[in-house]
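Worksheet: one structure, shown below.
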4 protein chains.
Amino acid sequence: MADTQSEQSRVAGTQQVGRPRRDQQGLLDAAAAVFVTSGVEAPVREIAAKAGVGVGTIYRHFPTRPDLVVAVYRHQVEACAEAGPRLLAESATPEAALRAWVALFVEFLVTKHGLASALQGDSAGSDALHTYFVGRLVPVCDSLLEAALQSVDTAPPIDAYNVLKGIGNLCIGAASDTRYDATTLVQLLISGLLTRGTP
Amino acid sequence: MADTQSEQSRVAGTQQVGRPRRDQQGLLDAAAAVFVTSGVEAPVREIAAKAGVGVGTIYRHFPTRPDLVVAVYRHQVEACAEAGPRLLAESATPEAALRAWVALFVEFLVTKHGLASALQGDSAGSDALHTYFVGRLVPVCDSLLEAALQSVDTAPPIDAYNVLKGIGNLCIGAASDTRYDATTLVQLLISGLLTRGTP
Amino acid sequence: MADTQSEQSRVAGTQQVGRPRRDQQGLLDAAAAVFVTSGVEAPVREIAAKAGVGVGTIYRHFPTRPDLVVAVYRHQVEACAEAGPRLLAESATPEAALRAWVALFVEFLVTKHGLASALQGDSAGSDALHTYFVGRLVPVCDSLLEAALQSVDTAPPIDAYNVLKGIGNLCIGAASDTRYDATTLVQLLISGLLTRGTP
Amino acid sequence: MADTQSEQSRVAGTQQVGRPRRDQQGLLDAAAAVFVTSGVEAPVREIAAKAGVGVGTIYRHFPTRPDLVVAVYRHQVEACAEAGPRLLAESATPEAALRAWVALFVEFLVTKHGLASALQGDSAGSDALHTYFVGRLVPVCDSLLEAALQSVDTAPPIDAYNVLKGIGNLCIGAASDTRYDATTLVQLLISGLLTRGTP
DNA sequence: TATGAATGAGCTTTCATTCAT
DNA sequence: GATGAATGAAAGCTCATTCAT
């Protein structure tokens, strides 16, 4: 619905990658801690309290919740994105690279309580977050996917956006349900993806 | 001078409205409509308004939200459950039966906005709902799965509970994102499931 | 199409009201006024309205109703507590001191509509209030009582807690029943207390 | 405020003393049971459920809550009233009679959870109840009081209405506070009452 | 006459967001 | 810039009371 490119620019402009203010870092640490405990939907107050600042400060630096979430996980998302090409170069096969990357992504999503649901576009005011995630990781996933599919000589049954969002969804609730094994499900999805002639 | 309590009573005694007798079906229809529009977490007030009844009426019939959701979707869940054995009997192969059933399930989940997330155990007060879904559909899914796996001579890489919840998760947000194709993802997951030797 | 949650946010964002900074004293004055009118069980809304603030403000400063009641009457309770030793020193006899103090206490309870019932432990959420009252005033009452009893050479037939709570109870409803004379009843109770050899 | 005599007549007319309908008795038994458990302010629904009837039936027979309470305790109140003259005749001294009667009354009030507060005029819609209690028991108390005061040659420091209401108040909350000894307090009040020259 | 479904006012509580200091 | 008090919309839930059946 929103233009992915311009959305991303806006976000990037707001954040100024690579130059986190000294005090901003404290906010991010606190937010990260709270997100793990209470999920990304945690009350702003809780985060402010943890950081030892007023809520106004949070709003000043991160006007919307997604802005904050993006900032908190920027490093990890970045690491995830950068792992793509590297894994492709290092792995024995493209499929192995894809599987390894996907496992990395799953670990990230599952570890961060409630983050997974952010891949959905309609969670509470998640515009910027969704945009950032999609904009940064879809291309990475796409190239891994393409390589893996080429190696098994199969046409892509679905695009990288769907794969990413599907994985995101599969990871929802994984942290709080011990019977639920998101990791295996995701690998099974990849298996299905690489199987020739899926209906 | 007058006591607050008695004041209230007096005021309450003023109310003089007609109360058209309504059956439970009207409530369910209204709730179903609202669920499609606003999801299963829609405010009780909104449902009551749509049904043209007071909130008390909703609470009388369905003390908890899951009670209402279960009632609303009971027929469809039942239909889904009953379709399992029938498809197994009618389909050319067990795999075809599984795929057909899964498609049915997906259609159900995707159509009903927000219902999918009910497969998670930790949504707001979803005990009864979760229990009902899992209790009714896991066995159905299990038998279909077993049959399909036998036909491809593969050990089950994951149990029916995980499959069901995985599918449920894959369907989250499908209704509001036209780029997202839950149906295909689910079929790919099934493909992965039936592929021998998945890591 | 739009999600309920984000709809709400948008609406909330519309509010554009001025927020005059108010001190806690204004709240207390308003609460005191409402308490006199409607008793200590008055709806929070009523108090907020009287104070010209939002309900949230009340809850911020006084999370529970007793917190508020305690704050409102703290000065007077304190005054009552401090009057004990002073009266003992100034009065002609310990009995006179006890009677004077008790009269003071009665006046306080009777004046504040509904406050008396707070001496009971089981009124709606009155933990803090009850604890405060009992903790602050029982010792004061106890020393007055002891002195008075000593002067008439009688063993205490009942402890200060019972005396205090009994007085509190005697004052219930005194403000709204002109035929009911709590003051005299309390003095009669004191007389009985100081009478030797009560069965 | 209301005319005691006519009020009483109205109540008596509603009840038709001595001719409890067969089914009405079931209601009274149920209400009595609920009152003991949850107090006289128990939800109407609870009483109806216990009686196995609809709430409408309760309202038909007893339009207001006090009507019901009066009916429930009519026998006991009657017994209490009748005990007055008898005790006066049987006891060694008028004071003994007064103390015995008061003890009876206290036992009645304390046993019935929450009933005591009904002696206040302003509890939730307790008009009829208050009127009945006062109208029936004040005269009884008055004669006992007069006799006892005559025997000690003292003028009445306070009237029977105040004594009754004072006792009622002293009994509030007695059931739920083991430290609180209403019985002793009431006897102390009587002692004070019979002490010559109370200020 | 009995029933109990329906009503809806009203209460408490939470929390995103604003803005005076 | 930072703060956090203030705001008030919302939502869940309870229960006295009415009245169609």
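Quick note on labels: first sequence line is chain A, next is B, and so on, each numbered from 1. This one's a predicted model, so the numbers in the text were calculated from it and none came from an experiment.
Of the listed nucleotides (E:dT3, F:dA5, F:dT7), E:dT3 has the atom at the smallest distance from the side chain of D:V53. Candidate nucleotides F:dT7, E:dA2, F:dA6 were compared by shortest atom distance to the side chain of D:R60, and E:dA2 ranks first.
Here the P atom of nucleotide F:dG12 and the CD1 atom of B:I47 are 8 Å apart, to the nearest Å. To the nearest angstrom, C1' of E:dA6 lies 13 Å from CD of B:Q24. Atom CG of C:L27 is separated from atom C1' of F:dA6 by 10 Å (rounded to the nearest Å). Atom-to-atom, CD of D:E46 to P of F:dT14 comes out at 13 Å; the value is rounded to the nearest Å. If you take CD1 of D:I58 and P of F:dT18, they are 15 Å apart, rounded to a whole angstrom. Look at CD on D:E41: it is 16 Å from C1' on F:dT17, rounded to the nearest Å. Distance CG (B:L68) to P (F:dC13): 12 Å, rounded to an integer number of Å.
Summarising the geometry of B:V40 relative to B:F35, their closest heavy-atom pair is CA-CD2, 3.7 Å, with the distance given to 0.1 Å. Taking every heavy atom of both residues into account, C:A30 and C:I47 meet most closely at CB-O, 4.3 Å. D:A42 approaches D:R65 most closely through the heavy-atom pair O-NH1, 2.8 Å.
Partners of D:T37 according to the side-chain hydrogen bond (donor to acceptor under 3.5 Å, both in side chains) rule, which considers only residues two or more places apart in sequence or in another chain, do not exist here.
Considering CD1 of C:I58 and CZ of C:R45, their distance stands at 12.0 Å, rounded to 0.5 Å. Taking CG of D:L27 as the start and CZ of D:R60 as the end, the distance is 12.0 Å to the nearest 0.5 Å.
Annotation: cation-pi geometry satisfied between D:R74 and D:Y132 (NZ/CZ under 6.0 angstrom from ring centroid, within 45° of ring axis).
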After noting the C-alpha distance and the side-chain angles of D:F62 and D:V70, does the key distance pass the side chain to side chain contact (heavy atoms under 4.5 Å, CB included) rule?
CA-CA 10 Å; D:F62 311 101; D:V70 166; over 6 Å; no

Derivation of the side chain to side chain contact (heavy atoms under 4.5 Å, CB included) call for A:V44 and A:Y59
CA-CA 9 Å; A:V44 177; A:Y59 278 96; 3.7 Å; yes

Could you list, one pair per line, each protein nitrogen or oxygen that sits under 3.5 Å from a nitrogen or oxygen of nucleotides 13-15 of chain E, together with the distance?
| residue | atom | partner | partner atom | Å |
| --- | --- | --- | --- | --- |
| E:dT13 | OP2 | C:Y59 | OH | 3.2 |

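Distances shorter than 4.0 Å separate none of the side-chain N or O atoms of D:H61 from OP1 or OP2 on E:dT1. A close approach under 4.0 Å does not occur between any side-chain nitrogen or oxygen of C:T57 and OP1 or OP2 of F:dA5.
In DNA chain F, consecutive stretches of 3 or more Watson-Crick or G-U wobble pairs with both distances under 3.5 Å are given as paired ranges: E:2-21 with F:2-21.
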